[in-house]
Number of protein chains: 2
Amino acid sequence: METRDAENWPDAAAPPATTPTDRVRERLLRAVLEQRLPPGAKLTEDEIAGLCGVSRTVVRAALQALSHDGVVVLERHRGAFVAAPSPQSAREVFEARALLEPAVARAAARHADAEALARLARHIEAEHAALEAGELGRAVHLSGRFHLVIAEMSRHQTIAALLGGLIARSALVLALYARLPDTLCERHAHGALLAALTARDADAAEAAMRRHLADLLAGLDLAPRAPSKPDLARALSTG
Amino acid sequence: METRDAENWPDAAAPPATTPTDRVRERLLRAVLEQRLPPGAKLTEDEIAGLCGVSRTVVRAALQALSHDGVVVLERHRGAFVAAPSPQSAREVFEARALLEPAVARAAARHADAEALARLARHIEAEHAALEAGELGRAVHLSGRFHLVIAEMSRHQTIAALLGGLIARSALVLALYARLPDTLCERHAHGALLAALTARDADAAEAAMRRHLADLLAGLDLAPRAPSKPDLARALSTG
DNA sequence: CAAGAAAAATTTGTGTACAATATTGCGGCA
DNA sequence: TGCCGCAATATTGTACACAAATTTTTCTTG
């Protein structure tokens with residue numbers, strides 16, 4: 001985390017980030033979504049404040065905002081941690097997405113314009129590039145943003161905002177429970193979505209989205225692992 | 001707003017509210033939902049801080065949390081205001097609910113237990129009582145909580161959290177756009193929902209919820225009124 | 001030497017002070 | 001008289017300081 005990051009973004013989905021709180025929030029969110037901060041990581045206020053060159057006040061505000069999206073969890077008098085969704089939570093997140101996103105895809109197909117479609121195409125390119133470069137975390141992040149761009153295309157600001165949080169949590173879920181780097185699957189699914197949207201075929205877009213989400217959920221391994229703390233306790237008791 | 005309020009609640013849906021920030025948030029939320037603070041009202045930090053006996057720090061945190069749910073809007077260097085959803089926003093809120101709540105009702109039917117059903121029944125009683133007493137705002141608030149209780153019954157914590165914000169905004173939408181005090185409609189619809197849940201009839205619960213939400217949306221008058229600021233501008237230009 | 005308790009250190013929670021900015025009221029000027 | 005610019009006021013944004021709580025370390029004791 002340096003003071004200034006001018007990495008190449010596939011598009012202007014995260015433009016200037018005007019307020020300091022938003023800047024810190026964006027940076028933390030990106031670090032989490034690109035898996036540079038693993039689930040469960042402690043987020044010390046002073047440390048972040050020092051790193052970002054702001055006071056704890058704004059860091060606290062950013063952490064609160066992130067906690068509201070379920071990306072970090074705040075434990076009173078203990079601090080902020082990157083969320084580590086339980087298998088139950090993971091299922092719920094994808095269930096919620098399965099309820100919202102097919103309708104979003106349908107609406108996006110209606111409002112698809114050339115510029116937005118170009119953005120989506122560039123996004124797929126960027127995902128592909130990240131995978132080629134072996135930057136798995138970055139690829140997951142970009143994959144999430146792909147869905148968010150579709151949500152923005154749908155012009156449903158309210159639902160898009162809800163999906164923002166759900167998609168962010170999905171990145172954490174993938175970090176914890178992905179069975180294996182489902183690379184080609186992703187790429188093909190997003191391609192199919194883009195094709196349906198380009199054809200303005202609402203039925204196809206909805207179907208593609210539904211299938212894609214089902215595939216994502218099916219690609220998870222939600223039984224075995226357990227959260228770190230109970231895991232330790234049980235491991236020692238049985239050992 | 002006094003320092004201590006021990007009004008009668010239909011159930012323990014809002015239990016102790018342990019932290020000061022949560023207490024302030026709850027109080028503000030209730031004031032908004034019961035329409036004691038109308039849409040557009042200015043929420044001055046110092047005023048709230050004095051009234052609640054806390055510092056601006058916790059008031060700010062509470063306002064931020066509420067803004068994330070769309071109940072208040074924060075304008076930089078201008079302050080916090082009770083949200084006044086645009087007709088477009090209003091539609092979106094109910095669209096989002098229409099996507100989530102039928103599934104929630106279905107799940108709630110599966111998990112319905114005697115205690116939860118009793119809570120719902122008491123809720124309907126309280127709604128009725130509020131309407132009889134002419135406390136319209138309180139009735140709207142209770143009506144919203146009825147839906148939230150169903151969401152909790154469904155055991156989908158993630159979706160329930162999303163619905164919390166949507167339902168709160170719905171109260172604002174009703175305050176702004178309700179065609180008329182749709183009293184009997186509400187009462188009947190909630191009764192039908194409770195009946196379906198009691199019978200553990202998932203199909204009936206889903207259908208009742210779908211119909212209820214459609215009725216609510218149909219009961220809105222989303223064309224004429226406009227938000228306060230554009231309203232003024234246009235009113236003066238046409239006059 | 002291990003286990004428990006006390007104390008030190010770290011970290012979060014809250015209040016307060018000051019700086020930045022928007023709004024409001026006043027006075028000068030065409 | 002009406003309008004523009006400027007000072008006064010009020011409110012928010014941020015930093016900092018202290019209080020409360022937790023975690024870690026250390027010291028005592030069986």
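Chain naming here is simple, since letters A, B, ... match the order of the sequence lines and numbering starts at 1 in each. Just so it is clear, the structure is predicted and the values come from calculations on it, not from any experiment.
Mapping B/Leu43 and A/Gly53 onto DNA chain D by nearest heavy atom places B/Leu43 closer to the 5' end of the strand. Comparing A/His77 and A/Thr21 along DNA chain D, the residue whose closest nucleotide (by nearest heavy atom) sits nearer the 5' end is A/Thr21.
Side-chain contact between B/His123 and B/Arg119 is absent, with no heavy atoms from C-beta onward closer than 4.5 Å. Here the side chains of B/Ile48 and B/Leu51 are not in contact, with every heavy-atom distance at 4.5 Å or above. Using a 4.5 Å cut-off on side-chain heavy atoms (C-beta onward), B/Val82 and B/Val71 make no contact.
When the side-chain nitrogen and oxygen atoms of B/Thr57 are compared with OP1 and OP2 of C/dT14, none of them lie within a distance under 4.0 Å. A close approach under 4.0 Å does not occur between any side-chain nitrogen or oxygen of A/Lys42 and OP1 or OP2 of D/dT23. Between C/dT23 and B/Arg78, a contact under 4.0 Å exists linking OP1 or OP2 to a side-chain N or O. Remark: A/Arg76 is not in phosphate contact with D/dA21, judged by side-chain N or O atoms under 4.0 Å from OP1 or OP2. A close approach under 4.0 Å does occur between a side-chain nitrogen or oxygen of A/Arg60 and OP1 or OP2 of C/dG13.
Atom CD in B/Glu45 sits about 9 Å away from atom C1' in D/dG13, given to the nearest Å. When the P atom of D/dG13 is taken as reference, atom CD of A/Gln64 falls 14 Å away, rounded to whole Å. As rounded to whole Å, 13 Å separates atom C1' of C/dT11 from atom CG of A/Leu63. Look at CD1 on A/Ile48: it is 13 Å from C1' on C/dT12, rounded to the nearest Å. Going from atom CZ of A/Arg56 over to atom P of D/dT14 covers 16 Å, rounded to whole Å. Rounded to whole Å, the distance from CD on B/Glu75 to P on C/dT21 is 17 Å.
Relative orientation of the A/His68 and B/His68 rings is tilted, given thresholds of 30° and 60° on the angle between their planes.
Nearest to the side chain of B/Val58, among C/dG15, D/dT14, D/dA15, sits C/dG15. Comparing C/dT14, D/dT23, C/dT12 by their nearest atom to the side chain of B/Thr19 picks out C/dT14. With C/dT12, D/dT14, C/dT14 as the candidates, the nucleotide lying closest to the side chain of B/Pro20 is C/dT14. For B/Asp46, whose side chain is taken as the heavy atoms from C-beta onward, the closest listed nucleotide among C/dG15, C/dT12, D/dT12 is D/dT12.
What you find for B/Pro85 and B/Ser89 is that their closest heavy atoms are CB-CB, 3.9 Å.
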